[in-house]
Amino acid sequence: MKIQATTKNRILDAAELLFAARGFKATSLRVITATAGVNLASVNYHYGDKKGLIRAVLSRYLEQFMPALKMELMTLHQRDKFTMEEVFLCVKQPLLTLNSCKTNGTTIFMSLLGRGYTDVQGHLRWFITTHYDDVIHLFISVVCRAYPCLDPETLFWRLHFTLGAAVFTMASSTALCEIAVNDFSHRIQIDDLINRLVPYLAAGVAAPIELNQSFVVNING
(Lines give C-alpha, C1' and ligand atoms only; values in the text may rest on other atoms or scores of the structure.)
Protein backbone atom coordinates (compact mmCIF):
# COMPACT_ATOMS: atom_id res chain seq x y z
CA MET A 1 0.00 0.00 0.00
CA LYS A 2 2.87 2.36 0.73
CA ILE A 3 4.23 1.92 -2.82
CA GLN A 4 0.80 2.60 -4.31
CA ALA A 5 0.36 5.76 -2.24
CA THR A 6 3.78 7.00 -3.34
CA THR A 7 2.96 6.27 -6.97
CA LYS A 8 -0.35 8.12 -6.72
CA ASN A 9 1.33 11.17 -5.22
CA ARG A 10 4.03 11.18 -7.88
CA ILE A 11 1.37 11.07 -10.59
CA LEU A 12 -0.65 13.87 -8.97
CA ASP A 13 2.40 16.06 -8.34
CA ALA A 14 3.58 15.75 -11.94
CA ALA A 15 0.10 16.19 -13.39
CA GLU A 16 -0.83 19.30 -11.42
CA LEU A 17 2.33 21.19 -12.40
CA LEU A 18 2.01 20.21 -16.06
CA PHE A 19 -1.72 21.01 -16.16
CA ALA A 20 -1.16 24.41 -14.52
CA ALA A 21 1.70 25.31 -16.88
CA ARG A 22 0.48 23.84 -20.18
CA GLY A 23 -3.26 23.35 -19.78
CA PHE A 24 -5.33 20.20 -19.68
CA LYS A 25 -5.70 19.71 -23.42
CA ALA A 26 -2.03 20.24 -24.23
CA THR A 27 -0.78 17.84 -21.56
CA SER A 28 -0.86 14.18 -22.58
CA LEU A 29 -0.85 11.22 -20.23
CA ARG A 30 2.40 10.13 -21.86
CA VAL A 31 4.11 13.36 -20.76
CA ILE A 32 2.68 13.01 -17.25
CA THR A 33 3.83 9.42 -16.84
CA ALA A 34 7.30 10.26 -18.16
CA THR A 35 7.60 13.15 -15.70
CA ALA A 36 6.31 11.06 -12.82
CA GLY A 37 8.47 8.08 -13.74
CA VAL A 38 5.56 5.65 -13.89
CA ASN A 39 3.84 3.64 -16.62
CA LEU A 40 0.50 4.41 -18.23
CA ALA A 41 -1.12 1.39 -16.60
CA SER A 42 -0.61 2.94 -13.16
CA VAL A 43 -2.57 6.04 -14.21
CA ASN A 44 -5.40 3.92 -15.57
CA TYR A 45 -5.37 1.78 -12.43
CA HIS A 46 -5.59 4.68 -9.98
CA TYR A 47 -7.68 7.21 -11.92
CA GLY A 48 -9.36 5.40 -14.80
CA ASP A 49 -8.68 8.03 -17.47
CA LYS A 50 -7.46 11.57 -18.01
CA LYS A 51 -10.72 13.11 -16.79
CA GLY A 52 -10.46 11.15 -13.58
CA LEU A 53 -6.89 12.34 -13.11
CA ILE A 54 -7.86 15.97 -13.70
CA ARG A 55 -10.57 15.74 -11.06
CA ALA A 56 -8.20 14.05 -8.61
CA VAL A 57 -5.61 16.79 -9.09
CA LEU A 58 -8.11 19.56 -8.37
CA SER A 59 -9.73 17.63 -5.51
CA ARG A 60 -6.54 17.83 -3.47
CA TYR A 61 -7.10 21.57 -3.27
CA LEU A 62 -10.90 21.68 -3.27
CA GLU A 63 -11.15 19.30 -0.31
CA GLN A 64 -9.27 21.81 1.80
CA PHE A 65 -10.45 25.06 0.21
CA MET A 66 -14.20 24.48 0.00
CA PRO A 67 -14.88 23.46 3.65
CA ALA A 68 -12.78 26.41 4.87
CA LEU A 69 -14.66 28.79 2.56
CA LYS A 70 -17.98 27.39 3.71
CA MET A 71 -17.14 28.11 7.35
CA GLU A 72 -16.14 31.69 6.54
CA LEU A 73 -19.35 32.27 4.58
CA MET A 74 -21.57 30.72 7.25
CA THR A 75 -20.03 32.98 9.89
CA LEU A 76 -20.67 36.03 7.72
CA HIS A 77 -24.19 34.85 6.84
CA GLN A 78 -25.15 34.93 10.52
CA ARG A 79 -24.59 38.68 10.70
CA ASP A 80 -27.41 41.12 10.04
CA LYS A 81 -25.40 43.33 7.69
CA PHE A 82 -22.15 43.05 5.77
CA THR A 83 -20.49 44.58 2.73
CA MET A 84 -19.55 43.04 -0.61
CA GLU A 85 -15.91 43.54 0.30
CA GLU A 86 -16.42 41.43 3.42
CA VAL A 87 -17.97 38.73 1.24
CA PHE A 88 -14.86 38.48 -0.92
CA LEU A 89 -12.57 38.63 2.09
CA CYS A 90 -14.10 35.28 3.08
CA VAL A 91 -12.05 33.75 0.27
CA LYS A 92 -8.71 35.14 1.50
CA GLN A 93 -7.82 32.81 4.37
CA PRO A 94 -9.01 29.60 2.66
CA LEU A 95 -6.81 30.53 -0.32
CA LEU A 96 -3.78 31.31 1.82
CA THR A 97 -4.03 28.02 3.70
CA LEU A 98 -3.31 26.23 0.42
CA ASN A 99 0.22 27.63 0.60
CA SER A 100 0.69 26.08 4.01
CA CYS A 101 0.03 22.57 2.73
CA LYS A 102 1.97 22.93 -0.53
CA THR A 103 4.55 25.37 -1.88
CA ASN A 104 2.79 27.87 -4.18
CA GLY A 105 -0.45 25.99 -3.54
CA THR A 106 -2.59 29.11 -3.97
CA THR A 107 -1.07 29.96 -7.35
CA ILE A 108 -1.27 26.38 -8.60
CA PHE A 109 -4.92 26.06 -7.52
CA MET A 110 -5.95 29.28 -9.27
CA SER A 111 -4.03 28.30 -12.38
CA LEU A 112 -5.84 24.96 -12.47
CA LEU A 113 -9.20 26.70 -12.10
CA GLY A 114 -8.31 29.05 -14.92
CA ARG A 115 -7.24 26.18 -17.14
CA GLY A 116 -10.55 24.46 -16.42
CA TYR A 117 -12.41 27.39 -17.93
CA THR A 118 -10.10 28.36 -20.80
CA ASP A 119 -9.71 24.74 -21.89
CA VAL A 120 -13.51 24.36 -21.84
CA GLN A 121 -13.39 21.42 -19.45
CA GLY A 122 -17.14 20.97 -19.05
CA HIS A 123 -16.72 17.81 -17.00
CA LEU A 124 -14.59 19.72 -14.50
CA ARG A 125 -17.19 22.44 -14.00
CA TRP A 126 -19.80 19.70 -13.64
CA PHE A 127 -17.64 18.01 -11.01
CA ILE A 128 -17.22 21.21 -8.98
CA THR A 129 -20.87 22.24 -9.14
CA THR A 130 -22.02 18.72 -8.30
CA HIS A 131 -19.69 18.07 -5.36
CA TYR A 132 -19.67 21.59 -3.91
CA ASP A 133 -23.11 22.82 -4.85
CA ASP A 134 -23.87 23.85 -1.24
CA VAL A 135 -20.82 26.11 -1.01
CA ILE A 136 -21.50 27.73 -4.39
CA HIS A 137 -25.11 28.46 -3.49
CA LEU A 138 -24.08 29.80 -0.09
CA PHE A 139 -21.61 32.17 -1.74
CA ILE A 140 -24.27 33.39 -4.19
CA SER A 141 -26.74 33.83 -1.33
CA VAL A 142 -24.28 35.94 0.63
CA VAL A 143 -23.49 38.06 -2.45
CA CYS A 144 -27.20 38.68 -2.99
CA ARG A 145 -27.67 39.68 0.64
CA ALA A 146 -24.82 42.17 0.35
CA TYR A 147 -26.40 43.67 -2.79
CA PRO A 148 -30.09 42.66 -3.13
CA CYS A 149 -30.58 44.71 -6.32
CA LEU A 150 -28.76 42.16 -8.49
CA ASP A 151 -31.00 40.32 -10.92
CA PRO A 152 -30.00 36.74 -11.89
CA GLU A 153 -28.61 37.64 -15.32
CA THR A 154 -26.50 40.54 -14.04
CA LEU A 155 -25.26 38.35 -11.19
CA PHE A 156 -24.24 35.64 -13.67
CA TRP A 157 -22.11 38.00 -15.75
CA ARG A 158 -20.53 39.82 -12.85
CA LEU A 159 -19.51 36.65 -11.05
CA HIS A 160 -17.90 35.32 -14.23
CA PHE A 161 -16.08 38.61 -14.80
CA THR A 162 -14.93 38.35 -11.19
CA LEU A 163 -13.72 34.79 -11.64
CA GLY A 164 -11.75 35.77 -14.74
CA ALA A 165 -10.03 38.69 -13.00
CA ALA A 166 -9.26 36.62 -9.90
CA VAL A 167 -7.91 33.64 -11.83
CA PHE A 168 -5.68 35.79 -14.05
CA THR A 169 -4.31 37.77 -11.11
CA MET A 170 -3.64 34.82 -8.83
CA ALA A 171 -2.30 32.56 -11.57
CA SER A 172 0.06 35.37 -12.64
CA SER A 173 0.91 36.39 -9.08
CA THR A 174 4.61 35.56 -9.31
CA ALA A 175 5.11 37.64 -12.47
CA LEU A 176 2.96 40.50 -11.15
CA CYS A 177 4.92 40.68 -7.90
CA GLU A 178 8.18 40.77 -9.85
CA ILE A 179 6.86 43.61 -12.03
CA ALA A 180 5.82 45.52 -8.90
CA VAL A 181 9.37 45.22 -7.53
CA ASN A 182 10.96 46.37 -10.80
CA ASP A 183 8.56 49.22 -11.55
CA PHE A 184 7.69 50.50 -8.07
CA SER A 185 10.42 49.06 -5.81
CA HIS A 186 7.64 47.56 -3.72
CA ARG A 187 7.88 43.93 -2.71
CA ILE A 188 4.50 42.37 -1.86
CA GLN A 189 3.41 38.97 -0.63
CA ILE A 190 0.45 36.90 -1.77
CA ASP A 191 -1.77 38.18 1.05
CA ASP A 192 -0.97 41.78 0.02
CA LEU A 193 -2.00 40.92 -3.52
CA ILE A 194 -5.33 39.51 -2.31
CA ASN A 195 -5.92 42.65 -0.22
CA ARG A 196 -5.46 44.73 -3.35
CA LEU A 197 -7.67 42.46 -5.44
CA VAL A 198 -10.64 42.17 -3.07
CA PRO A 199 -11.85 45.83 -3.22
CA TYR A 200 -11.64 45.73 -7.02
CA LEU A 201 -13.73 42.57 -7.28
CA ALA A 202 -16.24 43.76 -4.71
CA ALA A 203 -16.70 47.09 -6.49
CA GLY A 204 -17.30 45.31 -9.80
CA VAL A 205 -20.00 43.01 -8.45
CA ALA A 206 -21.66 45.88 -6.55
CA ALA A 207 -21.47 48.41 -9.42
CA PRO A 208 -24.66 50.44 -9.96
CA ILE A 209 -27.30 48.55 -11.95
CA GLU A 210 -28.25 51.75 -13.83
CA LEU A 211 -25.06 51.45 -15.90
CA ASN A 212 -26.34 48.21 -17.43
CA GLN A 213 -29.80 49.63 -18.06
CA SER A 214 -28.52 52.74 -19.85
CA PHE A 215 -26.24 50.56 -21.98
CA VAL A 216 -29.21 48.45 -23.10
CA VAL A 217 -31.24 51.60 -23.88
CA ASN A 218 -28.43 52.99 -26.04
CA ILE A 219 -28.12 49.75 -28.02
CA ASN A 220 -31.84 49.50 -28.63
CA GLY A 221 -31.86 53.08 -29.81
Side-chain angles (χ1 to χ4, degrees), residues 55 58-101 105-118 121-173 188-213 215-216:
R55 295 171 188 173
L58 204 56
S59 287
R60 290 210 292 186
Y61 294 95
L62 290 172
E63 287 173 2
Q64 178 169 338
F65 174 75
M66 285 298 194
L69 175 58
K70 184 176 182 179
M71 290 186 64
E72 294 280 349
L73 291 172
M74 289 178 67
T75 299
L76 187 66
H77 205 30
Q78 292 172 357
R79 290 169 45 183
D80 293 332
K81 293 182 179 180
F82 45 83
T83 66
M84 190 68 74
E85 189 166 328
E86 289 175 310
V87 173
F88 282 95
L89 278 174
C90 287
V91 183
K92 178 181 177 180
Q93 199 54 44
L95 270 181
L96 292 178
T97 56
L98 298 178
N99 277 337
S100 64
C101 66
T106 301
T107 300
I108 294 172
F109 173 62
M110 296 302 291
S111 295
L112 290 170
L113 280 184
R115 293 295 188 180
Y117 276 80
T118 57
Q121 297 291 310
H123 72 94
L124 189 53
R125 292 196 293 277
W126 172 87
F127 174 76
I128 295 174
T129 56
T130 300
H131 286 75
Y132 301 101
D133 181 69
D134 57 332
V135 184
I136 295 172
H137 278 83
L138 178 59
F139 180 80
I140 293 174
S141 174
V142 173
V143 167
C144 290
R145 279 194 58 199
Y147 193 28
C149 298
L150 286 172
D151 61 273
E153 184 177 358
T154 301
L155 176 64
F156 166 82
W157 286 111
R158 292 190 179 185
L159 288 182
H160 279 78
F161 296 155
T162 297
L163 178 62
V167 166
F168 170 79
T169 301
M170 299 308 297
S172 307
S173 60
I188 64 173
Q189 303 298 323
I190 192 70
D191 56 332
D192 299 318
L193 185 61
I194 294 175
N195 288 338
R196 291 172 180 268
L197 179 61
V198 163
Y200 177 85
L201 299 180
V205 176
I209 302 295
E210 289 75 17
L211 292 177
N212 294 337
Q213 293 175 343
F215 178 72
V216 173

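This structure is a prediction, so every number in the text was calculated from the model and none was measured.
- The side-chain hydrogen bond (donor to acceptor under 3.5 Å, both in side chains) pairs that include a residue from residues 87-99 are K92-N195, N99-T106, where partners are two or more places apart or lie in different chains.
- In this structure, CG in L73 is found 11.0 Å from CD1 in I140, a value given to the nearest 0.5 Å.
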- When you look at S59 and F127, which way does the side chain to side chain contact (heavy atoms under 4.5 Å, CB included) test go after all the steps? CA-CA 10 Å; S59 287; F127 174 76; 3.2 Å; yes

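- Distance OG1/T169 to CZ/R196: 12.0 Å, rounded to 0.5 Å.
- For T75, there are no side chain to side chain donor-acceptor pair (under 3.5 Å) partners, not counting sequence neighbours.
- Between the side chain of Y61 and the backbone N or O of M110 there is no donor-acceptor pair closer than 3.5 Å.
- Results of the side chain to side chain contact (heavy atoms under 4.5 Å, CB included) test with L201 over T162, V91, L159 single out T162 as the only residue that passes.
- Residues satisfying the side chain to side chain donor-acceptor pair (under 3.5 Å) test with D192, not counting sequence neighbours, are none.
- Taking CG from L113 and CZ from R125, the interatomic distance works out to 11.5 Å, rounded to the nearest 0.5 Å.
- Judged as a side-chain contact (heavy atoms from CB on, under 4.5 Å), and not counting sequence neighbours, the contacts of F82 are L76, R79, E86, V87, V142, R145, A146.
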- Decide yes or no on side chain to side chain contact (heavy atoms under 4.5 Å, CB included) for Q64 and F109, but give the supporting numbers first. CA-CA 11 Å; Q64 178 169 338; F109 173 62; over 6 Å; no

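- Under the 3.5 Å distance criterion, the side-chain polar atoms of T129 are matched with a main-chain donor or acceptor of W126.
- With sequence neighbours left out, the ring pair (Phe, Tyr, Trp, His ring centres under 6.0 Å) criterion links Y200 to no other residue.
- Sorted by first and then second residue, the salt bridge (charged side-chain N to carboxylate O under 4.0 Å, His left out) pairs with a member in residues 64-78 read K70-D134; sequence neighbours excluded.
- Remark: L163 pairs with Y117, V167 by the side-chain contact (heavy atoms from CB on, under 4.5 Å) rule, at least two apart or across chains.
- Contact between L150 and I209 at its shortest, heavy atoms only, is CD2-CD1, 3.8 Å.
- The six-membered or imidazole ring of H160 lies near that of F156, with a centre-to-centre distance under 6.0 Å.
- The ring pair (Phe, Tyr, Trp, His ring centres under 6.0 Å) search around Y132 returns none, not counting sequence neighbours.
- Remark: A202 engages M84, E85, F88 in a side-chain contact (heavy atoms from CB on, under 4.5 Å) (not counting sequence neighbours).
- For the pair Y147 and P208, the tightest heavy-atom approach, listed with the atom from each and the gap, is OH-CA, 3.7 Å.
- Taking T107 as the reference, S173 meet the side chain to side chain donor-acceptor pair (under 3.5 Å) condition, with sequence neighbours excluded.
- Residues that satisfy the side chain to side chain donor-acceptor pair (under 3.5 Å) test with H131, not counting sequence neighbours, are absent from this structure.
- L95 CG to I194 CD1: the interatomic distance, rounded to the nearest 0.5 Å, is 5.0 Å.
- Considering only residues two or more places apart in sequence or on other chains, E153 meets the side-chain contact (heavy atoms from CB on, under 4.5 Å) condition with D151, W157.
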